[in-house]
Amino acid sequence: MKVVYIACSFTTVWMIYSKFKATYDGNHDTFRVEFLVIPTAILAFLVNHDFTPLEILWTFSIYLESVAILPQLFMVSKTGEAETITSHYLFALGVYRTLYLFNWIWRYHFEGFFDLIAIVAGLVQTVLYCDFFYLYITKVLKGKKLSLPA
């Protein structure tokens with residue numbers, strides 16, 4: 001599964017920088033990433049399981065992943081709409097993260113495993129996706145372009 005995950009990640013990055021490079025709109029991409037990176041880095045130093053470099057980096061990645069959708073949502077809200085491929089991609093990311101919730105329930109039930117940091121970060125990300133899920137289901141699945149209400 002990890003090999004498939006890594007291959008899919010590299011394919012996604014390759015497609016972003018090659019096939020879909022012309023779709024990038026720098027005029028609307030004004031989200032300041034440091035507003036996500038700096039607070040999540042500070043939070044990773046303050047709230048982690050074990051104050052070791054690898055644990056802090058893992059915690060940072062979990063926190064950053066939970067808010068990584070914000071630049072895309074910012075862009076969609078700024079332009080008022082999203083391309084179909086972008087909508088499908090965001091939906092797939094949201095489903096992937098939502099499935100993590102079921103993974104945590106399964107692991108807790110069968111293994112007694114409970115990771116509060118991962119669960120809280122996953123819940124934060126799922127909440128951020130909820131509005132997008134509603135728009136996706138009510139518009140994109142009916143064949144319409146995703147556009148935000150005025």
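What you see below is based on every heavy atom in this structure, not just the backbone, and it leaves out hydrogens, waters and symmetry mates. A quick note: this is a predicted structure, and the numbers were derived from the prediction, not measured. Numbers here simply count residues along the sequence, with the first being 1.
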Shortest non-hydrogen contact from Ser66 toward Ala121: CB-O, 3.1 Å

Atom pair CZ (Phe113) and OH (Tyr108), whose distance is rounded to the nearest 0.5 Å: 12.5 Å

Straight-line distance of Leu70 CG to Leu64 CG, nearest 0.5 Å: 10.0 Å

Tyr89 side chain reached by Thr12 side chain, heavy atoms, under 4.5 Å: yes

Aromatic ring pairing Phe51/Phe45, orientation class (parallel under 30°, perpendicular over 60°, tilted between): tilted

Spacing of Leu116 atom CG and Leu123 atom CG [to the nearest 0.5 Å]: 9.5 Å

Heavy-atom closest contact (Ile119 atom, Phe114 atom, distance): CD1-CE1, 3.5 Å

Interatomic distance, Tyr5 atom OH to Phe10 atom CZ [nearest 0.5 angstrom]: 11.0 Å

Between CG on residue Asp50 and CD1 on residue Ile56, distance to nearest 0.5 Å: 8.5 Å

With Leu99, the side-chain contact (heavy atoms from CB on, under 4.5 Å) member among Leu101, Asn103, Val95: Val95

Closest approach of Thr40 to Leu36 (non-hydrogen atoms, all atoms of both residues): OG1-O, 2.7 Å

Stepwise side-chain contact (heavy atoms from CB on, under 4.5 Å) check, His88 with Tyr136: CA-CA 8 Å; His88 293 322; Tyr136 183 86; 2.6 Å; yes

From CA spacing to verdict: side-chain contact (heavy atoms from CB on, under 4.5 Å), Thr30, Met75: CA-CA 8 Å; Thr30 58; Met75 179 78 108; over 6 Å; no

Under 3.5 Å: donor-acceptor pair, side chain of Gln125, backbone of Arg97: no

Linked, directly or transitively: Leu73 and Phe133 (ILVMFWY side chains, under 4.5 Å): yes

Over 12 foreign heavy atoms within 6.0 Å of OH, Tyr100: no

Hydrophobic cluster partners of Leu46 (side-chain heavy atoms under 4.5 Å): Ile38, Ile42, Leu43, Val47, Trp58, Ile62, Tyr63, Ile117

is_close_aromatic(Phe102, Trp106), centroid dist under 6.0 Å: no

Do any side-chain atoms of residues 13-20 form donor-acceptor pairs under 3.5 angstrom with protein atoms, and if so which ones, sequence neighbours left out?
from	atom 1	to	atom 2	distance (Å)
Ser18	OG	Trp14	O	2.6

Gap between atom OH of Tyr129 and atom CG of Leu93 - 0.5 Å precision: 4.0 Å

Asn48/Phe60 under side-chain contact (heavy atoms from CB on, under 4.5 Å): CA gap, chis, key distance, verdict: CA-CA 9 Å; Asn48 53 59; Phe60 171 68; over 6 Å; no

Whether over 12 other heavy atoms sit under 6.0 Å from Leu54 CG: no

